[in-house]
Amino acid sequence: MLQRVLIAMAFASNPRLVIADEPTTALDVTIQKKVVELIARTREAHDTSVLFITHDLQLAAEICDDVSVLYAGRIVETGAARRIINAPRHPYSRCLNLATPNLKGAWRG
């Protein structure tokens, strides 16, 4: 519930950008899905950009159009979320992708 309140507060002033740093950490997958849906709906309703920070590439692909993968503080890969999920080029991107296997098969955004 706290995440939902904080999301509402973040969007309350109709900002142009919201930075969501690991907004679903420590949530079970059911609640995680609801929080991601809430962010997506609120982003659309307010026409706000969201910088979504996560270690979970599958989750990023659910909410993001584009993804940048950082390794040792540097961007090592950037592009469409679908491409990075289905055909990661950098070894670290591959490792992040393997760390959270998709139970539904390849992402089809």
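Note that the coordinates shown come from a computational prediction; the quantities given were computed from them, not determined experimentally.
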How long is the gap from [atom1] on [X] to [atom2] on [Y], to the nearest 0.5 Å?
{"X": "L70", "Y": "I53", "atom1": "CG", "atom2": "CD1", "value": "9.0 Å"}
{"X": "L17", "Y": "L51", "atom1": "CG", "atom2": "CG", "value": "6.0 Å"}
{"X": "E44", "Y": "I39", "atom1": "CD", "atom2": "CD1", "value": "14.0 Å"}
{"X": "R43", "Y": "I63", "atom1": "CZ", "atom2": "CD1", "value": "7.0 Å"}
{"X": "I7", "Y": "R41", "atom1": "CD1", "atom2": "CZ", "value": "10.0 Å"}

| task | Output every pair passing ring-ring contact (aromatic ring centres under 6.0 Å, His included) with a member in residues 39-61, not counting sequence neighbours, ordered by first then second residue. | result | F11-H46

Minimum-distance pair of heavy atoms, taken over all atoms of [X] and [Y]:
{"X": "P15", "Y": "T48", "value": "O-OG1, 2.9 Å"}
{"X": "G79", "Y": "I84", "value": "N-CD1, 3.5 Å"}
{"X": "T78", "Y": "S68", "value": "OG1-OG, 2.8 Å"}
{"X": "A81", "Y": "A61", "value": "CB-CA, 3.9 Å"}
{"X": "Q32", "Y": "D56", "value": "NE2-OD2, 4.4 Å"}
{"X": "P23", "Y": "V35", "value": "O-CG1, 4.3 Å"}

| Around D28, counting heavy atoms of other residues, nucleotides and ligands shown, do more than 12 lie under 6.0 Å from its CG? | yes

| said: Check this for me: L27, atom CG, are more than 12 non-hydrogen atoms of other residues, nucleotides or ligands nearer than 6.0 Å? | reply: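 More than 12 heavy atoms, drawn from other residues, nucleotides or ligands, come within 6.0 Å of this atom.
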
| query | Between the side chain of R94 and the main-chain N/O of R89, is any donor-acceptor distance below 3.5 Å? | reply |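 Checking the backbone N and O of R89 against the side chain of R94, a donor-acceptor pair under 3.5 Å is found.
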
| Do I85 and Q58 come close enough that some side-chain heavy atom pair is under 4.5 Å? |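 Yes. Closest side-chain heavy atoms under 4.5 Å.
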
| request: Find out whether L57 and L59 are in side-chain contact, i.e. whether some heavy atom of one side chain is under 4.5 Å from a heavy atom of the other. | output: no

| field | ILVMFWY network linking I19 to V50, side-chain heavy atoms under 4.5 angstrom | value | no

| Is there a path of hydrophobic side-chain contacts, each under 4.5 Å between heavy atoms of I, L, V, M, F, W or Y residues, that connects L6 with L38? | no

| note | side chain to side chain donor-acceptor pair (under 3.5 Å) filter on T42, not counting sequence neighbours, yields none

| request: Sort and list the pairs that fulfil salt bridge (Lys or Arg N to Asp or Glu O under 4.0 Å) and have at least one residue in residues 66-81, not counting sequence neighbours. | output: E77-R83

